Amino acid sequence: MVKPATIRAVLSIALSKSWPILQMDVKNAFLHGRLSETVYMHQPMGFHSKQFPDFSAITYILLYVDDIILTTSSDHLCKHIMALLSSEFAMKDLGHLSFFLSIAITHNTHGVFLSQTQYVAKIIEHARMSNCSPCPTLVNTKSKLSATADTPYDDPTKYRSLAGALQYLTFTRPDISYVVQQVCLHMHAPTNEHMRALKRIIRYLQGTLTHGLYLNKSSVNQLISYTNIDWGWCPDTRRSTSGYCIFLGDNLFSWSSKWQPTLSRSSAEAEYRGVANVVSDSCWIRNLLLELHYPIQKAILVYCDNVSAIYLSGNPVQHQCTKHIEMDIHFVREKVARGEVRVLHVSSHYQIADIFTKRLSRILFNDFRDSLSIREPPASTEGVC
């Protein structure tokens with residue numbers, strides 16, 4: 001089954017090339033479970049077509065069980081592939097991509113808008129909060145969730161159900177990734193305080209019901225990343241929270257907000273681990289784009305607001321204060337030395353990754369949310385492509 005990041009990659013490429021993006025459905029997918037034929041994902045070595053020696057058409061087929069997204073470099077090839085699929089399977093042509101995995105896709109002349117409005121409405125209804133008052137912010141900036149600060153919640157099953165549902169919503173709503181990660185940390189033993197935090201997320205969603213992720217028609221020749229941490233934020237374990245976001249061109253491509261697996265003795269160490277995480281994901285994305293025949297020639301730019309972590313990524317000397325750091329995260333230095341990655345400084349005022357690691361004020365949160373292209377749907381008068 002296709003990964004979310006792969007879907008966003010293919011959509012970004014198709015948008016940049018103005019390719020058609022279609023959707024198909026297999027009516028009897030589960031009757032074709034066994035595959036005995038050899039399937040070539042690339043042209044076999046030694047194969048040359050005398051009729052088309054320089055043939056360079058591209059087709060992407062994204063599969064999620066029986067749902068299919070199809071995009072090609074030409075309309076003729078698209079129709080040909082659809083005809084071939086229909087000759088083998090009972091297919092349903094759903095036209096231009098509009099609804100996939102509970103995600104609504106709206107097209108206009110400038111890009112596509114991904115939203116889960118119907119899914120959000122179901123979450124709010126499941127929580128029995130359809131008439132709740134909207135909340136402009138996601139969290140209380142003055143306090144942090146603790147595992148033992150309140151009495152146990154009387155319906156932990158409901159808490160887990162809602163928290164799990166919110167996790168899937170982060171597919172198009174990265175603005176809630178941090179707070180969803182926070183409430184999910186306590187699914188094993190939720191308290192009333194945790195449930196209040198979860199309800200605040202739902203109240204925020206009530207006021208931003210139609211918001212979603214916008215993908216523009218932009219070039220796909222650059223990977224730019226932002227990474228940050230909240231050192232020792234957890235009042236119970238003192239572990240740090242890592243967060244990052246990766247842009248492919250102008251489009252938000254991948255993001256993360258999660259606990260670091262080990263304790264860090266300094267903020268520099270925690271930040272360096274955060275850099276290692278985003279570099280690892282960026283390298284995977286670079287390899288993915290290479291497989292999609294759209295290699296990234298430029299170095300990956302990684303923006304960090306910690307000067308010590310930047311020095312660590314470029315200095316091969318094992319200092320006394322960093323010798324305890326695991327060797328596996330020092331691969332960043334190798335990438336920097338090869339010129340594949342550049343770790344640069346960014347002011348905290350422009351550190352977009354803060355939205356994945358910290359409790360922000362309303363003004364700062366809204367600014368960073370806009371930078372991630374999380375917004376209301378475009379006006380219907382903008383036109384449809």
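Start at 1 with the first residue, then count along the sequence. For the numbers below, each heavy atom of this structure counts, side chains included, while hydrogens, waters and symmetry mates do not. None of these values were measured; they are calculated from a predicted model.
Judged purely by distance below 3.5 Å, without hydrogens or angles, the side chains of Arg273 and Ser240 never pair a donor atom with an acceptor atom. Residues Arg200 and Thr137 bring a donor and an acceptor atom of their side chains to less than 3.5 Å of each other. If you check the side chains of Tyr244 and Asn277, you find no donor sitting under 3.5 Å from an acceptor. Defined by atom type and a distance below 3.5 Å, a donor-acceptor pair is present between the side-chain atoms of Asn221 and Ser219.
Between the side chain of Arg375 and the backbone N or O of Tyr214, no donor-acceptor pair lies under 3.5 Å. In this structure, the side chain of Glu340 does not engage the main chain of Ile300 through any donor-acceptor pair within 3.5 Å. A donor-acceptor pair is defined here as one N or O able to donate and one able to accept, closer than 3.5 Å; such a pair exists between the side chain of Ser74 and the backbone of Leu77. Checking side-chain atoms of Thr71 against main-chain N and O of Ile21 turns up no donor-acceptor pair under 3.5 Å. Counting only distance, with no hydrogens or angles, the side chain of Thr170 and the backbone of Leu166 share no donor-acceptor pair below 3.5 Å. Between the side chain of Arg342 and the backbone N or O of Leu301 there is no donor-acceptor pair closer than 3.5 Å. In this structure, the side chain of Ser73 engages the main chain of Ile58 through a donor-acceptor pair within 3.5 Å. Between the Ser280 side chain and the Ala276 main chain, no donor and acceptor come within less than 3.5 Å of each other.
Taking all atoms of both residues into account, the shortest heavy-atom contact from Val220 to Tyr294 is CG2-CD2, 4.2 Å. The shortest heavy-atom contact between Arg8 and Leu213 is CD-CD2, 4.1 Å. Of all non-hydrogen atoms in Cys304 and Ile310, the two that sit nearest each other are O-CD1, 3.7 Å. Minimum interatomic distance between Met82 and Leu22 (heavy atoms only, all atoms of both residues): SD-CD1, 3.6 Å.
Counting non-hydrogen atoms of neighbouring residues, nucleotides and ligands closer than 6.0 angstrom, the NE2 atom of His126 exceeds 12 such neighbours. Within 6.0 Å of NZ on Lys158 lie more than 12 heavy atoms contributed by other residues, nucleotides or ligands. More than 12 non-hydrogen atoms from other residues, nucleotides or ligands lie less than 6.0 angstrom from CZ of Arg160. Counting non-hydrogen atoms of neighbouring residues, nucleotides and ligands closer than 6.0 angstrom, the CG atom of Leu84 exceeds 12 such neighbours. Environment of CZ in Arg196: crowded, with over 12 heavy atoms of neighbouring residues, nucleotides or ligands closer than 6.0 Å. Atom CG of Asp155 is surrounded by more than 12 heavy atoms from other residues, nucleotides or ligands within 6.0 Å.
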Practice problem: Start with the C-alpha gap between Leu15 and Asn216, add the side-chain angles, then the distance that decides, and say whether side chain to side chain contact (heavy atoms under 4.5 Å, CB included) holds. | Solution: CA-CA 7 Å; Leu15 287 172; Asn216 299 286; over 6 Å; no

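The hydrophobic clustering, which links ILVMFWY residues whose side-chain heavy atoms are closer than 4.5 Å, places Leu62 and Tyr64 together. In the hydrophobic clustering of ILVMFWY residues, with side-chain heavy atoms under 4.5 Å counting as a link, Phe89 and Leu94 come out apart. Note on Leu372: it clusters hydrophobically with Tyr350, by side-chain heavy-atom contacts below 4.5 Å among ILVMFWY residues.
Residues forming a ring pair (Phe, Tyr, Trp, His ring centres under 6.0 Å) with Tyr168 (at least two apart in sequence, or on another chain): Tyr119. Every residue meeting the ring pair (Phe, Tyr, Trp, His ring centres under 6.0 Å) condition with Tyr226, not counting sequence neighbours, appears here in chain and number order: Tyr303. With sequence neighbours excluded, the residues forming a ring pair (Phe, Tyr, Trp, His ring centres under 6.0 Å) with Tyr204 are Phe365, listed by chain and number.
If you take OG on Ser12 and CG on Asp250, they are separated by 10.0 Å, rounding to the nearest 0.5 Å. To the nearest 0.5 Å, atom CG of residue Asp230 and atom CZ of residue Arg359 are 9.5 Å apart. Taking CH2 of Trp284 as the reference point, atom CD1 of Ile246 lies at 9.5 Å (rounded to 0.5 Å).
Between Lys358 and Phe368 there is no side-chain heavy-atom pair separated by less than 4.5 Å.
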